[in-house]
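Just so you know, these numbers come straight off a predicted model, no measurement behind them.
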Amino acid sequence: MSNRDSKTVTLSGAFEPRFWEDADGRVAIVREIRTRYEQLKADAQADSTQKDLIAQRAVFVAIQLETMERTACETGKIDAGVYTQMVNCLTGLLKALGLERKAKPVGDLKSYVNGRAKS
(Lines give C-alpha, C1' and ligand atoms only; values in the text may rest on other atoms or scores of the structure.)
Protein backbone atom coordinates (compact mmCIF):
# COMPACT_ATOMS: atom_id res chain seq x y z
CA MET A 1 0.00 0.00 0.00
CA SER A 2 1.44 3.36 -0.99
CA ASN A 3 1.49 6.39 1.26
CA ARG A 4 -0.97 8.01 -1.11
CA ASP A 5 -3.61 5.35 -0.44
CA SER A 6 -3.43 5.75 3.33
CA LYS A 7 -4.37 9.45 3.40
CA THR A 8 -7.93 10.35 4.29
CA VAL A 9 -9.53 13.31 2.58
CA THR A 10 -12.49 15.01 4.18
CA LEU A 11 -14.74 17.23 2.13
CA SER A 12 -16.56 20.11 3.72
CA GLY A 13 -20.23 19.50 4.29
CA ALA A 14 -21.14 23.07 3.36
CA PHE A 15 -20.17 25.10 0.35
CA GLU A 16 -19.93 28.84 0.77
CA PRO A 17 -19.64 30.64 -2.56
CA ARG A 18 -17.58 33.81 -2.78
CA PHE A 19 -18.70 36.26 -5.46
CA TRP A 20 -16.99 39.32 -6.91
CA GLU A 21 -20.03 41.38 -5.95
CA ASP A 22 -19.18 40.69 -2.31
CA ALA A 23 -15.49 41.61 -2.61
CA ASP A 24 -14.20 44.73 -0.86
CA GLY A 25 -14.43 47.55 -3.41
CA ARG A 26 -11.76 49.53 -1.57
CA VAL A 27 -9.10 47.14 -2.87
CA ALA A 28 -7.58 48.42 -6.13
CA ILE A 29 -7.53 45.08 -7.94
CA VAL A 30 -11.18 44.44 -7.13
CA ARG A 31 -12.09 47.84 -8.59
CA GLU A 32 -9.98 47.11 -11.68
CA ILE A 33 -11.59 43.70 -12.19
CA ARG A 34 -15.07 45.21 -11.87
CA THR A 35 -14.24 48.01 -14.33
CA ARG A 36 -12.78 45.65 -16.92
CA TYR A 37 -15.65 43.22 -16.47
CA GLU A 38 -18.25 45.93 -17.08
CA GLN A 39 -16.34 47.12 -20.18
CA LEU A 40 -16.01 43.62 -21.61
CA LYS A 41 -19.62 42.80 -20.81
CA ALA A 42 -20.74 45.91 -22.72
CA ASP A 43 -18.38 45.27 -25.65
CA ALA A 44 -19.50 41.65 -25.92
CA GLN A 45 -23.16 42.54 -25.41
CA ALA A 46 -23.26 39.82 -22.76
CA ASP A 47 -27.00 39.27 -22.72
CA SER A 48 -27.03 35.84 -21.12
CA THR A 49 -25.83 34.20 -17.95
CA GLN A 50 -23.39 32.11 -19.96
CA LYS A 51 -21.75 35.14 -21.59
CA ASP A 52 -21.65 36.87 -18.23
CA LEU A 53 -19.76 33.94 -16.71
CA ILE A 54 -17.33 33.85 -19.64
CA ALA A 55 -16.71 37.60 -19.37
CA GLN A 56 -15.85 37.24 -15.68
CA ARG A 57 -13.37 34.43 -16.41
CA ALA A 58 -11.81 36.34 -19.33
CA VAL A 59 -11.10 39.38 -17.18
CA PHE A 60 -9.54 37.27 -14.45
CA VAL A 61 -7.30 35.40 -16.91
CA ALA A 62 -6.30 38.67 -18.63
CA ILE A 63 -5.17 40.16 -15.32
CA GLN A 64 -3.23 37.01 -14.49
CA LEU A 65 -1.46 37.29 -17.85
CA GLU A 66 -0.62 40.95 -17.30
CA THR A 67 0.81 40.08 -13.91
CA MET A 68 2.95 37.32 -15.44
CA GLU A 69 4.15 39.69 -18.16
CA ARG A 70 5.17 42.39 -15.71
CA THR A 71 6.95 39.85 -13.52
CA ALA A 72 8.78 38.55 -16.59
CA CYS A 73 9.92 42.05 -17.51
CA GLU A 74 11.08 42.80 -13.97
CA THR A 75 12.75 39.47 -13.18
CA GLY A 76 13.39 37.88 -16.57
CA LYS A 77 11.56 34.75 -15.40
CA ILE A 78 8.42 33.28 -16.91
CA ASP A 79 6.93 29.82 -17.23
CA ALA A 80 6.39 29.82 -20.99
CA GLY A 81 4.16 26.74 -20.85
CA VAL A 82 1.76 28.23 -18.32
CA TYR A 83 1.82 31.56 -20.13
CA THR A 84 0.98 29.93 -23.47
CA GLN A 85 -1.85 27.90 -21.94
CA MET A 86 -3.32 31.02 -20.37
CA VAL A 87 -3.10 32.98 -23.64
CA ASN A 88 -4.89 30.12 -25.41
CA CYS A 89 -7.48 30.06 -22.63
CA LEU A 90 -8.10 33.80 -22.94
CA THR A 91 -8.34 33.53 -26.73
CA GLY A 92 -10.93 30.78 -26.39
CA LEU A 93 -12.96 32.75 -23.86
CA LEU A 94 -12.96 35.84 -26.06
CA LYS A 95 -13.98 33.80 -29.10
CA ALA A 96 -16.83 32.30 -27.07
CA LEU A 97 -17.99 35.85 -26.33
CA GLY A 98 -18.00 36.57 -30.05
CA LEU A 99 -15.11 39.01 -30.07
CA GLU A 100 -13.18 37.42 -32.90
CA ARG A 101 -12.00 39.89 -35.50
CA LYS A 102 -14.25 40.10 -38.53
CA ALA A 103 -13.29 41.53 -41.91
CA LYS A 104 -15.18 44.64 -42.93
CA PRO A 105 -17.13 44.39 -46.18
CA VAL A 106 -15.09 46.17 -48.83
CA GLY A 107 -17.52 46.34 -51.71
CA ASP A 108 -16.28 46.83 -55.25
CA LEU A 109 -13.41 48.99 -56.49
CA LYS A 110 -15.64 51.57 -58.17
CA SER A 111 -17.55 52.25 -54.91
CA TYR A 112 -14.28 52.55 -53.02
CA VAL A 113 -12.82 55.02 -55.54
CA ASN A 114 -16.04 57.08 -55.56
CA GLY A 115 -16.06 57.16 -51.75
CA ARG A 116 -12.43 58.32 -51.64
CA ALA A 117 -13.12 61.01 -54.23
CA LYS A 118 -15.85 62.51 -52.03
CA SER A 119 -13.50 62.81 -49.05
Open item on the list: Just verifying a value: how many Å separate Glu32 CD and Arg34 CZ, rounded to the nearest 0.5 Å?
Closed with: 12.5 Å

Open item on the list: Return the CD1 to OG distance between Ile54 and Ser48, rounded to the nearest 0.5 Å.
Closed with: 7.5 Å

Open item on the list: Please say yes or no: joined through hydrophobic side-chain contacts below 4.5 Å, possibly via intermediate residues, are Val82 and Leu93 part of one cluster?
Closed with: yes

Task: Smallest separation among heavy atoms of Ala72 and Ile78, with atom names - done: CB-CB, 3.9 Å

TODO: Search all heavy atoms of Ala23 against all heavy atoms of Val30 and return the closest pair with its distance.
DONE: CB-CG1, 3.7 Å

Open item on the list: Could you work out, with side chain to side chain contact (heavy atoms under 4.5 Å, CB included) as the rule, every residue matching Ile33, not counting sequence neighbours?
Closed with: Trp20, Ile29, Val59, Ile63

- [ ] Drop me the distance from Leu94's CG to Leu90's CG, to the nearest 0.5 angstrom.
- [x] 4.5 Å

Open item on the list: Return the CE to CE distance between Met86 and Met68, rounded to the nearest 0.5 Å.
Closed with: 6.0 Å

Task: Pair Glu74 + Arg70: basic N to acidic O under 4.0 Å - done: yes

Task: Nearest-0.5 Å distance, CD of residue Gln39 to CG of residue Asp43 - done: 7.0 Å

Task: Euclidean distance, Lys41 NZ relative to Asp47 CG, rounded to 0.5 Å - done: 10.0 Å

TODO: Please report the shortest heavy-atom distance between Arg31 and Gly25, naming the atom on each side.
DONE: CG-O, 2.9 Å

